[in-house]
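Atoms within a ligand are numbered from 1 in the order they appear, just like the ligands themselves. Quick caveat: nothing in here was measured; it's all calculated off a predicted structure.
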Amino acid sequence: MEGKILIIGAGGQIGSELTVKLRSIYGQDQVIASDINYNNVALVNSGFFEILDAQDFKALKVCCEKHNIKTIYLMAAMLSATGEKYPNKAWDLNTESLLHVLNLAKSKLIDKIFWPSSIAVFGPSTPKENTPQYTIMEPTTVYGITKQVGERWCEYYHQKYGVDVRSIRYPGIISWKTLPGGGTTDYAVEIYHEALKNNTYECFLSEETNLPMLFMDDAIKATVDIMQAKPEDIKIRSSYNLAGISFTPQEIAASVKKQLPGFTITYKPDFRQAIANSWPGSINDTEARQHWNWKHSFDLDAITKEMLDNLK
Ligand code: AKB
């Protein structure tokens with residue numbers, strides 16, 4: 001591979017596991033991790049690490065020149081729930097950082113970009129089940145608006161300037177190594193922590209709220225696969241729908257109960273319920289499966305087993 005890889009937002013839920021995976025594929029010294037703080041100590045101590053603010057174009061450019069970066073994974077973002085509390089900050093972080101990275105590729109300093117979009121690009125007027133790749137998109141969260149506008153920018157930079165940018169609309173991601181922060185789907189991670197600690201969980205979504213989800217190993221595989229695919233196989237340059245499974249809080253609780261029979265759950269929906277209600281319950285990802293052979297592996301009970309075994 002020509003040039004090195006930079007992961008922006010490497011201390012986060014997906015970035016931290018992506019860093020480990022990319023280092024195992026491309027070599028320890030080929031992958032530079034970066035974040036705005038040293039909070040993820042394990043990550044900071046595991047290889048090359050830079051303090052980097054994704055909104056600081058100059059610093060970003062200097063970092064790319066210093067390390068001969070040719071590929072960027074832009075994982076820094078403010079998620080849906082936090083975005084509703086800080087709408088202007090969410091807009092600034094999520095859109096400025098993407099434009100900075102796209103402009104680095106436009107000027108040919110870097111060659112390739114991965115940028116995650118989200119199911120949050122969809123809204124209440126989107127068909128709720130088996131949501132197709134191309135459909136009505138009227139997001140009602142700031143986070144969703146930033147992701148939708150980001151998708152338009154990605155396609156624009158690809159068509160106009162030939163930028164090789166690739167993207168996936170992540171559903172909720174379930175993992176045990178690093179906690180998610182500020183998302184609406186975070187309940188599906190919290191529930192396992194609380195089940196092991198207290199054998200009970202108070203869920204901030206109602207029992208029937210069906211949302212698309214994916215286990216981290218599948219999410220990482222999808223990210224690596226789309227980046228390794230031949231450019232001509234990436235026929236969608238906005239962002240690909242991606243599905244694993246869908247379940248409700250009631251169903252995940254039943255899955256936990258199979259392994260921890262005394263587990264109980266209660267429901268106290270808060271402001272995040274309205275966000276969840278605006279999103280699809282299930283996603284049609286035919287294009288990702290056809291274009292670059294996407295296939296998920298983990299169903300709900302397999303996820304529960306992995307989560308409980310590892311968190312123990
Ligand atoms: C969130 O809940 O905000 C994220 C997402 C679905 O993009 N996990």
Q. Any idea which residues sit under 4.0 Å from ligand 1, heavy-atom distances?
A. Leu79, Ser80, Ser118, Ile119, Tyr143, Gly183, Thr184, Thr185, Trp279
Q.
Both conditions, 6.0 Å and 45 degrees, for the charged tip of Lys106 above the ring of Tyr161: are they met here?
A. yes
Q) Is the NZ or CZ atom of Arg166 both under 6.0 Å from the centre of the six-membered ring of Phe114 and within 45° of that ring's axis? A) no
(Q) Any heavy-atom pair between the side chains of Glu50 and Ile32 that's under 4.5 Å? (A) yes
Q.
Over 60° means perpendicular and under 30° means parallel, so tell me whether Tyr157 and Trp153 are parallel, tilted or perpendicular.
A. perpendicular
(Q) In this structure, is the centre-to-centre distance between the rings of Tyr187 and Tyr201 below 6.0 Å? (A) no
Q) Between Trp292 and Tyr240, what is the ring plane arrangement, given parallel below 30°, perpendicular above 60°, and tilted in between? A) perpendicular
